[in-house]
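Okay, structure first, notes after.
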Amino acid sequence: MSSQIDHLLNESRQFPPSPEFVAQSIDDPALYERAAADREGFWADQARELLHWHKPFTEVLDWSNPPFAKWFDDGELNVAYNCLDRHVEAGIGDRVAIHWEGEPGDSRSITYAELTDEVKRTANVLADLGVGHGDRVAIYLPMIPEAVVSMLAVARLGAIHSVVFGGFSADSLRSRIDDAGAKVVITADGGYRKGRVSALKPAVDQSLADRNGEGEQQTVEHVLVVKRGGNDVDWTEGRDIWWHDVVPAASAEHEAQAFPSENPLYILYTSGTTGKPKGILHTSGGYLTQAAYTHKYVFDLHPETDVYWCTADIGWVTGHSYVTYGPLANGATQLMYEGTPDAPHPGRWWELVQKYGVTILYTAPTAIRSFMKIGRQVPNEFDLSSLRLLGSVGEPINPEAWMWYREVIGGGRAPIVDTWWQTETGAIMVSPLPGITAAKPGSAQVPLPGISIDVVDEQGQEVENGAGGLLAITKPWPSMLRGVWGDPERFKETYWEKFEEQGFYFAGDGARLDEDGDLWLLGRVDDVMNVSGHRLSTAEIESSLVAHEATAEAAVVGASDETTGQAVVAFVILKESFLASHTPEGLALQLRGWVGEQIGPIARPRDVYIVGELPKTRSGKIMRRLLRDVAEGREVGDTTTLADTAVMSIISAQVK
C-alpha cells in the first residue's frame, strides 16, 4: 500500500514573533548553523554548557552498535546534583523551584535550597531501605512535591525510577512493578481529584497481594507512604513506612556520587499496551542534555524572571522531561498543580495563571479544546497578561484550536510552540523556536537544531515538499531511548526494523511537508483511513470539523464500508455557547456538508454522531480504536486506560 497520505487542507496564515519578543529572546539563528556545521560538536557544546560533569567526557557519540547508542560515554555526572546542589552552590538557593498548589487550595513555595534538603533526606531514607545503584523504585503518587522529590532522590542514588500514573489500576501497577523488579514502592494514602480524595495506597496493597492466583509480589520489600488525602489505609507492619516519620528525621547530609553518562535513569511504560508492558529505558547524560537544551530554547527561558507551568502529570514523559528534569536542570521557577483543570471551578487554571504570574504555559490540545467547549467568557474573567509564551504537546493541534489559544489565552501576542516528540524520543524533536520562527497554526514546522528528521515513503526515500509520508528520525539524538527494558529484540523490531537498511528510527506517525518544507503531523499511521483508494489523515478531517463555529472537539475514525473500503465516521462535541441557542438536530447533516466544502467530497463523513464526551487516556490522547469499535458495531475493547471508563457506554448508547 502506498505511504502517500493525501493532503487536502491548506493553512496559509503566518505569525512572526513581535519585535518586542525578538528583542528579549535568547533564541539565535546561529544555533541552526552551528548544528548543521558539526552536529556532534554542537551536542558536546550543549552538554558542557548546560550541565556539570564530575568527570568530563571526551567521546560524544558511540554508534558502533546501532540501534544501541552511547552518548558522552566516558563522562560521569549526577542527575540530581545537576538539578539541585549546583544551583545552591551558585548562590540561587533562595530562588523558588516549585510553587505548588493543591486542588483544595492549600499551597507551598519550595526554594532550591529546601528542595535539595528534602531530596538529600529522602535519598538517605531510600539508602537505609537498601536502595542502591541500579535498583528499581516504583513511584505511584499524585501531583505533589514529594513526587518530584522521589524521582530526584532515586536518581541521586544512581537507582532507576519507574513512575506509574496515579490513575492506573492495581493490575497495571503490578505488571509494571513485576517487569521492572522494583525493590521499593513510593505512594500516598490518596490525592485530590475533582473535589474528592482518590485513594492510592489500596491499589498498591492489591498490586502486591496475590492476584489471579499468581502469588504475592516477590521483589518489593518496602512501601513508603506520603500522607496527603487523610483517607483510611490498611497497614502492613515491617513493610509500610510513613514518609513523615522517616524523611524529616533523616540526615540532610548526602554527597552526590558521580555515575556514568549511560547509567539508566528511568523506565517509563507506554500506556495502552496489551500483554507484557513495554518499558522505555532512558539513561542520564544524553537525556538530561537534551531535556535542558530543549527546555531552555523552545521556551525561550529566562530563569531569573519566568514562572513556567507544564500541566502534565509526572506519570507521563512530559512530566519527566518538562516538570522534573528540564526545568530544574535550568534553575527555573515553576508551578505545579495537583488537580484537574475544572476543579473546583472551570476557571481554575486561569485563576492560577493570574495568582502566580505564569509567563510560560505548556499544555495539551485536548485541554485547549475542552476550554473552547466551555467558551472564552471563563478565561476572560482573569488577568492572563503575564503569559508571554504558549506551548502545545501530545498530538497535532488543529489550526482553529491554535488560533483560539493564541487569541483568547495569549492575548493575540504570545507565540505558540507546537512541539512534536514521544516517550521514546525523551525530549522535544520538532518545534518552532519562538524568537525566530514565523509560526503556522497547526504545524510543528522544523526539527530543532541538532535533530535530523525526514518525511519518507515506504522505501525510506525522502518525499518532496508538498507531499506526505512517514516520519523518520535519520540520525541518533542524545535523549533517545536506549531500549525496551529487558527486551532488546522488541526494541529493534518495534522501532528500527522498518527502515533497518537506512538505519532510520520510525516514529509510527504520518507527516507531510508543505511547500515551504515545514512539517505537519498527521497522527498515527494506524489512524490513516483508506477511502476509495485515497489515504486520508484523521487529523485533517478533525481540523475541518473543529473549524466549524459549532464544534469544540472532534474525533474521526475509518469504519469498514462495502462501497468505499473505509468510510469516514465522526464523533463531535458541540460548544456550550452553540447549544444554548441551537439544537443538535440537523447539525450532523450541516457538518457533513461543511467537510465536503472545506476539504472535498472524498472526505465527507458517512456518519456524524453528536456526543457529550470522547474517550481519552489520562494524558489526554483520544483512543480512536474504541470509537472504531462503536462505528463498526463491535463490542468495545479494553477501556482500562481511559480517564473515565463510563464514557464508552454513554457514547455507545448515543450512537444506537
Side-chain angles (χ1 to χ4, degrees), residues 62-71 73 133-140 154-155 158-165 168-169 171-185 207 211-212 214-215 217-220 260-287 315-317 320-321 421-427 472-473 476-509 524-526 617 619 625 638 640-641:
D62 176 356
W63 191 233
S64 59
N65 180 31
F68 300 95
K70 293 178 181 176
W71 282 87
D73 191 32
H133 178 234
D135 287 331
R136 276 80 62 204
V137 175
I139 298 172
Y140 185 68
V154 172
I160 305 166
H161 60 69
S162 167
V163 182
V164 181
F165 175 67
F168 277 152
S169 67
D171 284 334
S172 299
L173 180 58
R174 171 66 174 261
S175 65
R176 286 155 173 76
I177 290 172
D178 282 347
D179 190 68
K183 196 171 194 174
V184 169
V185 178
S207 74
R211 299 197 65 72
N212 312 318
E214 296 168 6
Q217 207 286 330
Q218 294 299 304
T219 61
V220 172
S261 179
E262 283 299 330
N263 192 55
L265 177 62
Y266 68 84
I267 305 163
L268 187 55
Y269 291 90
T270 53
S271 61
T273 51
T274 52
K276 190 172 185 283
K278 186 168 64 177
I280 304 302
L281 177 67
H282 283 289
T283 57
S284 302
Y287 168 79
W316 312 115
V317 73
H320 283 56
S321 300
W421 60 296
Q422 303 173 310
T423 302
E424 293 86 349
T425 72
I473 306 174
W477 64 101
S479 65
M480 64 196 289
L481 75 166
R482 299 302 198 263
V484 171
W485 180 254
D487 200 342
E489 288 309 310
R490 189 175 183 185
F491 169 60
K492 289 191 277 192
E493 182 187 313
T494 306
Y495 302 106
W496 302 91
E497 196 172 74
K498 186 166 184 65
F499 297 121
E500 189 175 8
E501 198 178 310
Q502 295 87 347
F504 294 171
Y505 168 97
F506 175 48
D509 282 342
R524 304 295 293 169
V525 171
D526 301 348
T617 66
S619 63
R625 67 173 171 81
D638 178 24
T640 53
T641 57

* Can you name the residues that form a side-chain hydrogen bond (donor to acceptor under 3.5 Å, both in side chains) with Ser479, not counting sequence neighbours? -> Gln290

* Only counting residues at least two apart or in another chain, list the ones meeting ring pair (Phe, Tyr, Trp, His ring centres under 6.0 Å) with Phe504. => none

* **Test side-chain hydrogen bond (donor to acceptor under 3.5 Å, both in side chains) applied to Asp171 - qualifying residues, sequence neighbours left out** => Arg211

* Set of side-chain hydrogen bond (donor to acceptor under 3.5 Å, both in side chains) partners for Asp73, sequence neighbours left out -> none

* Structure fact -> Output for pair (Glu424 CD, Leu481 CG), nearest 0.5 Å, gives 6.0 Å

* **Pairing residues for Tyr287 by the ring pair (Phe, Tyr, Trp, His ring centres under 6.0 Å) criterion, not counting sequence neighbours** => Tyr266, His282, Tyr325

* Identified ring-ring contact (aromatic ring centres under 6.0 Å, His included) counterpart of Tyr505 within the set Phe491, Trp477, Phe499 -> Trp477

* Donor-acceptor contact present, side-chain Thr423 to main-chain Val317, <3.5 Å -> no

* What residues form a side-chain hydrogen bond (donor to acceptor under 3.5 Å, both in side chains) with Tyr140, not counting sequence neighbours? -> none

* Could you list the residues that satisfy ring pair (Phe, Tyr, Trp, His ring centres under 6.0 Å) with Trp485, not counting sequence neighbours? => none

Report, one line per pair, each donor and acceptor closer than 3.5 Å where one atom sits in a side chain of residues 62-70; sequence neighbours left out.
unit_1	atom_1	unit_2	atom_2	d
Asp62	OD1	Ser64	N	2.9
Asp62	OD1	Ser64	OG	2.6

* Structure fact -> With sequence neighbours left out, the residues meeting salt bridge (charged side-chain N to carboxylate O under 4.0 Å, His left out) with Glu489 are Lys492

* **Contacts of type salt bridge (charged side-chain N to carboxylate O under 4.0 Å, His left out), residue Asp178, not counting sequence neighbours** => Arg174

* What pairs with Arg136 under salt bridge (charged side-chain N to carboxylate O under 4.0 Å, His left out), at least two apart in sequence or on another chain? -> none

* Asked: Between the main-chain N or O of Trp71 and the side-chain N or O of Ser261, is there a donor-acceptor pair closer than 3.5 Å?
  -> yes

* Structure fact -> The complete set of salt bridge (charged side-chain N to carboxylate O under 4.0 Å, His left out) pairs with one or both residues in residues 498-509, sequence neighbours excluded, reads Glu458-Lys498, Asp509-Arg524

